[in-house]
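See below for the structure under consideration.
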Amino acid sequence: MVKKASHHLKVTDFGNDFLWGVAIAAAQNEGAHDSYGKGPSIWDTFSKRNGRIKSSHNPYIACDFYHRYKDDLLLVKALGFKAFRFSISWPRILPEGGSKLNKEGVAFYHRMIDECLKLDLVPFLTLYHWDMPAALEKEGGWASHLLLKWFTRFATLCAEEFGDKVKNWIILNEPFGFTSLGYMLGKHAPGKRGMQNFLPAILNASLAQASGGQIVRSIVSKSRIGTTFSCSEVIPHTHKERDIAAARRVDVLLNRLFIEPALGQGYPREDFKFLDKLELYTWKYTKRMHFDFDFIGVQNYFPVVVRYSPLIPVLQAMQVKAVRRKVPKTAMGWEISPDGFYNIIKRFWSYEKVKEIIVTENGAAFKDKLMNGVVDDVDRIEYFHQHIRALLKAKQEGINVTGYFAWTLMDNFEWSEGYHARFGLVHVDFRTQLRTIKNSGYWFRDFLNSR
Ligand code: BGC
């Protein structure tokens, strides 16, 4: 049970222009994985491999958003949100990753975006939320030198198709997330490991992020372009110098690796030796990794506590160990820390070139129980309450944070956790696809109506 926040929170404290939204992603929600012309994504193929995803779950049907988007958008509206963040499934519109276009896939996104506009929901379109066409992964995926060519084709197509209707664009969802889990640790699709995959993937992701921004800006009039970064406050276990140094190395990886090149500062090499291997790239690419983003999407779920340890084999240069503290945690085992959320927002704001911050994801999984048509998820209510209060503090201190997106609308395919981890404001019964608004959903509705 989370500690209760006492202070009463009112939406008016954030001002009239503050944008409240809710986020989803294609691979986690759409389903219809092999219909209407869609090609397989790396998550479709990854989930066929034994033991990669809990209980051998797969994203084939997910929440069936593809067929139910109209009702689901009505839910977004009913909960009082003004903005809706979704992603485009790359293999739905380019099934083989090449130039062959799937018109039916494009038409789906037009219908869905039109529905948002009809309901007066501001669409936030994410180009890449982790579902690369499987055909491209066969040729090396994010680690391939061809990546930029492929991504350019995809980004150009989306900008040309949807640019008249969508003005808020997000280039990548958490480049550190998909490169580290997918190309270094092998825990996410495509399940690759090692520096030989990780290093080219991070370079390509940084280049794609900047060039994607340029493409959208050149095609879409009046666009607002952002990209998102996962981030975590990194806390040294003790004040000993070696713990502090260990925390600094982890901080480079978790928080600085992608934003600093994006802001034109190049890689944060001085604090982390393994990045020296990127020296070859650095001088050549520093400029090309830079883009003048209109906003930075901050995505925070938990802080991490680390200490020095000489024994960790994963990344030898790291020599760190995570410390598990006895504090309230979510069902993912993640520490709950509104202070950590506040601190990391402040930290990202401290970069001189960051002009505007939008929290593009924040939320929590808990072991929800549906009983007599009710999900009384008090822990999630408390989580949102405390985090939104921390956000208000940041805003009142003058940080230009202009929006907040809850993760996520409804329980969905939580990557390698399958359907076990529930993050939604709406409960989904995956056998019947029945939606039930959780009490946290009603809490949000009341909060958003507290004008
Ligand atoms: C991702 C989401 C994911 C959430 C919870 C974020 O890193 O963008 O797709 O569901 O975390 O794990």
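Since the model is a prediction, treat every value here as computed from it, not as a measurement.
Here the rule is side chain to side chain donor-acceptor pair (under 3.5 Å) with Glu361, and of Trp407, Tyr301, Tyr404 only Tyr301 fits it. The ring pair (Phe, Tyr, Trp, His ring centres under 6.0 Å) test with Phe124 singles out one residue from Phe405, Phe81, Phe84, and that residue is Phe405. Partner Arg422 forms a side chain to side chain donor-acceptor pair (under 3.5 Å) with one of Thr408, Asp377, Asp368, Asp411 and no other, that one being Asp411.
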(Q) Run the side chain to side chain contact (heavy atoms under 4.5 Å, CB included) test on Lys48 and Asn58 for me, step by step, so that the C-alpha distance in whole Å, both residues' side-chain angles and the decisive distance to 0.1 Å come before the verdict. (A) CA-CA 8 Å; Lys48 288 196 186 118; Asn58 62 54; over 6 Å; no
Q | CA sep, side-chain torsions, deciding dist, call: Phe162, Ile88, side chain to side chain contact (heavy atoms under 4.5 Å, CB included) | A | CA-CA 11 Å; Phe162 310 120; Ile88 302 284; 3.8 Å; yes
Q | Chi angles and distances behind the side chain to side chain contact (heavy atoms under 4.5 Å, CB included) call for Ser89, Tyr109 | A | CA-CA 10 Å; Ser89 157; Tyr109 290 110; 3.3 Å; yes
Q) side chain to side chain contact (heavy atoms under 4.5 Å, CB included) between Phe295 and Ile357: does it pass, once the steps are laid out? A) CA-CA 5 Å; Phe295 66 88; Ile357 287 178; over 6 Å; no
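By the 30° and 60° cut-offs, the orientation of the rings of Phe447 relative to Phe14 is perpendicular. Ring pair Trp90/Phe151 is perpendicular by interplanar angle, where above 60° counts as perpendicular and below 30° as parallel. Using a 30° and 60° split on the angle between ring planes, His387 and Tyr383 fall in the parallel class, below 30°.
Taken from CG in Leu79 to CD1 in Ile437, the straight-line distance is 5.0 Å, to the nearest 0.5 Å. The CG atom of Leu172 sits 11.5 Å away from atom OG of Ser87, with the distance rounded to the nearest 0.5 Å.
Side chains of Asn439 and Asp376: a donor-acceptor N/O pair is present below 3.5 angstrom, by distance only. Side-chain polar atoms of Gln209 and Thr227 form a donor-acceptor pair below 3.5 angstrom. Checking Ser47 against His57 by side-chain atom types alone, no donor-acceptor pair falls below 3.5 Å. No side-chain N or O of Tyr128 forms a donor-acceptor pair with one of Asn173 less than 3.5 Å apart. If you check the side chains of Arg85 and Thr360, you find no donor sitting under 3.5 Å from an acceptor. Side chains of Asn400 and Glu356: no donor on one and acceptor on the other come within 3.5 Å.
Heavy atoms from other residues, nucleotides or ligands lying under 6.0 Å from CG of Leu148 number more than 12. Counting heavy atoms of neighbouring residues, nucleotides and ligands inside a 6.0 Å radius, atom CD of Glu352 does not exceed 12 of them. In the displayed structure, Lys355 atom NZ is contacted under 6.0 Å by more than 12 heavy atoms of other residues, nucleotides or ligands.
A salt bridge does not link Arg307 to Glu241: none of the charged nitrogens lies less than 4.0 Å from a carboxylate oxygen. Under 4.0 Å is where a charged nitrogen must lie from a carboxylate oxygen, and between Arg248 and Asp243 no such pair does. Salt-bridge check for Glu417 with Lys54: passed, with a basic side-chain N closer than 4.0 Å to an acidic carboxylate O. Residues Glu137 and Lys192 are paired through a salt bridge, judged by an N-O separation under 4.0 Å between the basic side chain and the carboxylate. Between Arg92 and Glu30 there is a salt bridge, with a side-chain nitrogen of the basic residue lying less than 4.0 Å from a carboxylate oxygen of the acidic one. Ion pairing between Asp251 and Arg347 holds under the 4.0 Å rule for side-chain N and carboxylate O.
Judged by the 6.0 Å and 45° rule, Lys393 forms a cation-pi pair with Tyr342.
Side chains of Asn29 and Phe86 form no contact here, defined as non-hydrogen atoms less than 4.5 Å apart. The shortest side-chain heavy-atom distance between Leu9 and His385 falls under the 4.5 Å cut-off.
Under the 3.5 Å distance criterion, the side-chain polar atoms of Arg380 are matched with a main-chain donor or acceptor of Ala364.
Nearest approach of Ala246 to Gln319, heavy atoms of both residues: CB-O, 4.3 Å. For the residue pair Ser206 and Phe258, the shortest heavy atom distance occurs at OG-CD2, 3.5 Å. Taking both residues in full, the closest heavy atoms of Thr179 and Phe198 are given as O-CD1, 3.5 Å, listed atom of the first, atom of the second, then distance.
With sequence neighbours excluded, the residues forming a side chain to side chain contact (heavy atoms under 4.5 Å, CB included) with Leu263 are Ile259, Gln265, Tyr351, Lys353, Val354, listed by chain and number.
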